[in-house]
S.K.: 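Take a look at this one; I'll ask things after.
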Protein chains: 2
Amino acid sequence: MSMSTTTARPAGRPRSEKAEKAILEATLDLLGEGMGVSELSIEAIASRAGVGKTTIYRRWSNKEDLVVDALATLKAPVPELAGESVRDDLVTLLEVMRTEAGHVRRRCVMNIAMSESDRHPQLFAKFRKIAIEPRRNAVRAVLERGKANGELRADLDVELAMQTLTGAMIVHTKWHQGEPLAEDLSERIVDMVLEGIAAR
Amino acid sequence: MSMSTTTARPAGRPRSEKAEKAILEATLDLLGEGMGVSELSIEAIASRAGVGKTTIYRRWSNKEDLVVDALATLKAPVPELAGESVRDDLVTLLEVMRTEAGHVRRRCVMNIAMSESDRHPQLFAKFRKIAIEPRRNAVRAVLERGKANGELRADLDVELAMQTLTGAMIVHTKWHQGEPLAEDLSERIVDMVLEGIAAR
DNA sequence: CCGATACGCAACGGTTGCGTTTCATAACTT
DNA sequence: AAGTTATGAAACGCAACCGTTGCGTATCGG
């Protein structure tokens with residue numbers, strides 16, 4: 001009756017971490033290539049990962065659970081914020097979105113956010129909590145701070161401002177795919193929303 | 001050798017306009033219910049329309065052509081613009097988007113615009129020409145006019161402003177489905193973008 | 001070595017949708 | 001009446017994918 005070092009390991013061959021990682025990677029690859037959750041097939045994932053279907057079904061009972069776990073590995077890398085000005089911090093946050101639009105791997109985050117909210121509401125809920133809310137919180141914090149210290153209007157509707165900032169970037173990335181995004185895009189969006197488009 | 005009243009009608013039973021209309025309606029219904037183009041099946045359309053598959057295949061050679069034609073029946077109802085002020089015209093245009101988000105039938109326009117751009121690029125291209133560009137042109141015209149007559153900044157980036165205005169509405173409708181959209185949403189978006197969020 | 005578990009692989013029966021064909025019937029021209 | 005085309009229904013063979021099972025092998029603990 002000896003205890004293993006940390007947890008009592010069950011008898012038999014342990015599950016391959018390499019296989020598990022390969023499955024999640026393959027899932028993200030396929031999603032990143034523009035494949036929707038509906039079209040994503042377990043067989044395609046197994047094939048891409050070089051793994052038997054059995055190995056997948058042993059770990060996840062259905063496709064949605066697998067996708068949720070795969071997306072969970074994409075922890076939102078909310079950047080360090082200088083905190084010097086609202087403008088600079090907003091630019092920093094939008095730059096993250098712009099950069100991700102170029103990386104195949106990270107792009108699927110936004111693809112899924114926009115595409116699958118209707119068809120897989122429960123998946124979307126989990127995904128939102130994991131990948132979207134942290135970023136929204138970061139933007140919200142910057143705006144609230146600016147509202148408190150006078151950089152922004154006192155009557156600002158923070159939620160609406162968040163949607164305006166991110167919406168501009170999302171529309172741009174969605175409908176200009178292929179063409180690289182202008183390097184100063186984030187600055188231009190932030191400055192426009194800060195100063196307004198009306199003449200002074 | 002007599003000519004028919006208008007066009008020389010070919011011999012035999014004419015194609016049923018009722019069937020054709022039913023097919024297009026069924027297609028729009030299914031799309032409006034949140035079904036993606038990939039999941040949309042000819043069999044489901046035929047069943048919903050009360051029509052044989054033969055009748056569909058005789059008119060369209062593939063699913064994408066059918067979807068394009070179905071979407072084409074949703075002519076962009078660009079509203080009359082009062083033309084009194086840039087602000088009022090922009091509110092009018094955004095109100096169209098907001099209202100459509102409530103109608104099941106019209107909602108699919110936006111759903112497809114956001115979801116299917118990657119997977120069906122050629123469908124998206126046609127769709128964009130039919131349904132998106134007319135609206136973009138209307139917004140662009142308002143902004144250009146405002147830029148010319150001094151209501152808007154002389155150095156305004158019109159394209160970016162369009163994306164900001166529509167992006168805010170799109171994000172709002174996409175992520176708040178279910179909850180009805182506030183009635184003054186369009187006004188609040190327009191005023192925010194016009195005046196900016198920075199303190200004066 | 002032995003028992004237990006995981007592995008990749010192949011095959012299974014079942015479902016869905018494809019695009020086509022056949023059929024009896026309906027609608028229209030001459 | 002005769003000829004022609006369209007219609008809805010049903011069935012076809014084909015392919016993809018489902019979730020499961022069996023196989024021989026690999027990897028662990030005891």
Side-chain angles (χ1 to χ4, degrees), chain A residues 1-27 29-31 33-67 69 119-120 123, chain B residues 1-27 29-31 33 35-70 116 119-120 123:
Chain A
M1 186 202 238
S2 71
M3 298 288 283
S4 171
T5 55
T6 55
T7 58
R9 161 130 57 161
R13 178 177 177 174
R15 294 193 178 171
S16 161
E17 295 208 9
K18 199 169 71 180
E20 185 143 341
K21 185 169 276 182
I23 294 168
L24 294 171
E25 293 269 319
T27 305
D29 276 352
L30 292 171
L31 287 175
E33 290 170 8
M35 187 162 292
V37 176
S38 318
E39 302 137 274
L40 195 63
S41 75
I42 300 285
E43 305 216 329
I45 296 171
S47 168
R48 169 79 65 116
V51 148
K53 282 196 290 179
T54 328
T55 308
I56 296 181
Y57 281 113
R58 188 175 291 117
R59 295 159 207 263
W60 294 278
S61 56
N62 60 62
K63 190 166 62 181
E64 290 211 357
D65 285 357
L66 168 55
V67 172
D69 276 9
R119 275 164 280 185
H120 307 274
L123 183 153
Chain B
M1 183 199 238
S2 72
M3 297 289 283
S4 171
T5 55
T6 55
T7 59
R9 164 128 58 159
R13 178 175 177 174
R15 293 196 178 171
S16 160
E17 294 209 11
K18 201 169 71 180
E20 186 144 340
K21 185 169 272 180
I23 294 168
L24 294 171
E25 292 272 316
T27 305
D29 277 352
L30 292 170
L31 287 175
E33 288 169 11
M35 186 162 291
V37 176
S38 318
E39 302 136 274
L40 194 62
S41 74
I42 299 285
E43 307 217 328
I45 295 171
S47 168
R48 168 78 65 115
V51 148
K53 283 198 290 177
T54 327
T55 308
I56 296 182
Y57 280 114
R58 189 173 292 117
R59 295 158 206 263
W60 294 278
S61 56
N62 61 61
K63 191 166 60 180
E64 290 210 358
D65 285 356
L66 168 55
V67 171
V68 168
D69 275 9
E116 314 285 344
R119 275 164 281 184
H120 307 273
L123 182 154

S.K.: Starting at atom NZ of B:Lys18, determine the distance to atom P of D:dA6, rounded to an integer number of angstrom.
M.R.: 18 Å
S.K.: Which heavy atom of A:Glu64 sits nearest to which heavy atom of A:Leu123, and what is that distance?
M.R.: OE1-CB, 3.8 Å
S.K.: Find which nucleotide of DNA chain C each of B:Glu39 and B:Gly12 is nearest to by heavy atoms, and output the residue with the more 5' nucleotide.
M.R.: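 With B:Glu39 and B:Gly12 compared, the 5'-side residue is B:Glu39.
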S.K.: In whole angstrom, what separates B:Glu20's CD from D:dG8's P?
M.R.: 12 Å
S.K.: Return no unless some side-chain N or O of A:Arg58 is found under 4.0 Å from OP1 or OP2 of C:dT5.
M.R.: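 For A:Arg58, the contact criterion (side-chain N or O under 4.0 Å from OP1 or OP2 of C:dT5) is not met.
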S.K.: Start with the C-alpha distance between A:Arg48 and A:Glu33, add both sets of side-chain angles, then the distance that settles salt bridge (Lys or Arg N to Asp or Glu O under 4.0 Å), and finish with yes or no.
M.R.: CA-CA 13 Å; A:Arg48 169 79 65 116; A:Glu33 290 170 8; 3.1 Å; yes
S.K.: Could you check how far OH of B:Tyr57 sits from P of C:dG17, rounded to whole Å?
M.R.: 12 Å
S.K.: How long is the gap from CZ on A:Arg59 to CG on A:Asp69, to the nearest 0.5 Å?
M.R.: 11.5 Å
S.K.: Does C:dA6 have OP1 or OP2 under 4.0 Å away from a side-chain N or O of A:Ser16?
M.R.: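 Answer no for this pair, as no side-chain N or O of A:Ser16 is under 4.0 Å from OP1 or OP2.
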S.K.: Grab the CD-P distance between B:Glu17 and C:dA26 for me, whole Å please.
M.R.: 21 Å
S.K.: Indicate the atoms forming the closest heavy-atom contact of B:Ala22 with B:Ala49, along with that distance.
M.R.: O-CB, 3.5 Å
S.K.: State whether the distance check finds a donor on one side and an acceptor on the other, under 3.5 Å, for side chain B:Arg13 versus base C:dA27.
M.R.: no
S.K.: Atom CE of A:Met35 and atom C1' of D:dA16: how far apart are they, to the nearest Å?
M.R.: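 Interatomic distance, CE of A:Met35 to C1' of D:dA16: 12 Å.
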S.K.: Do the side chain of B:Arg15 and the base of D:dA6 come within less than 3.5 angstrom through a donor-acceptor pair of N or O atoms?
M.R.: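 No such pair is found, so the answer is no.
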S.K.: Which of these nucleotides, D:dC17, D:dT5, C:dC28, is closest to any side-chain atom of A:Ser41?
M.R.: D:dC17
S.K.: Walk me through whether B:Trp60 and B:Ile23 qualify under side-chain contact (heavy atoms from CB on, under 4.5 Å).
M.R.: CA-CA 11 Å; B:Trp60 294 278; B:Ile23 294 168; 3.7 Å; yes
S.K.: Residues in side chain to side chain donor-acceptor pair (under 3.5 Å) with B:Lys53, at least two apart?
M.R.: B:Glu43
S.K.: Name every residue in residues 47-54 of chain B that has at least one heavy atom under 4.0 Å from any atom of DNA chain C, in order of residue number, or write none if there are no such residues.
M.R.: B:Lys53, B:Thr54
S.K.: Can you measure B:Glu43 atom CD to D:dA11 atom C1' for me and round it to whole angstrom units?
M.R.: 12 Å
S.K.: If I take atom CD1 in residue A:Ile45 and atom C1' in nucleotide D:dA16, what distance separates them, rounded to the nearest angstrom?
M.R.: 15 Å
S.K.: So which heavy atom on B:Thr55 is nearest to which on B:Ala19, and how close?
M.R.: CG2-CB, 4.2 Å
S.K.: What integer distance in Å separates B:Lys63:NZ from C:dG19:C1'?
M.R.: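 Between C1' of C:dG19 and NZ of B:Lys63: 13 Å.
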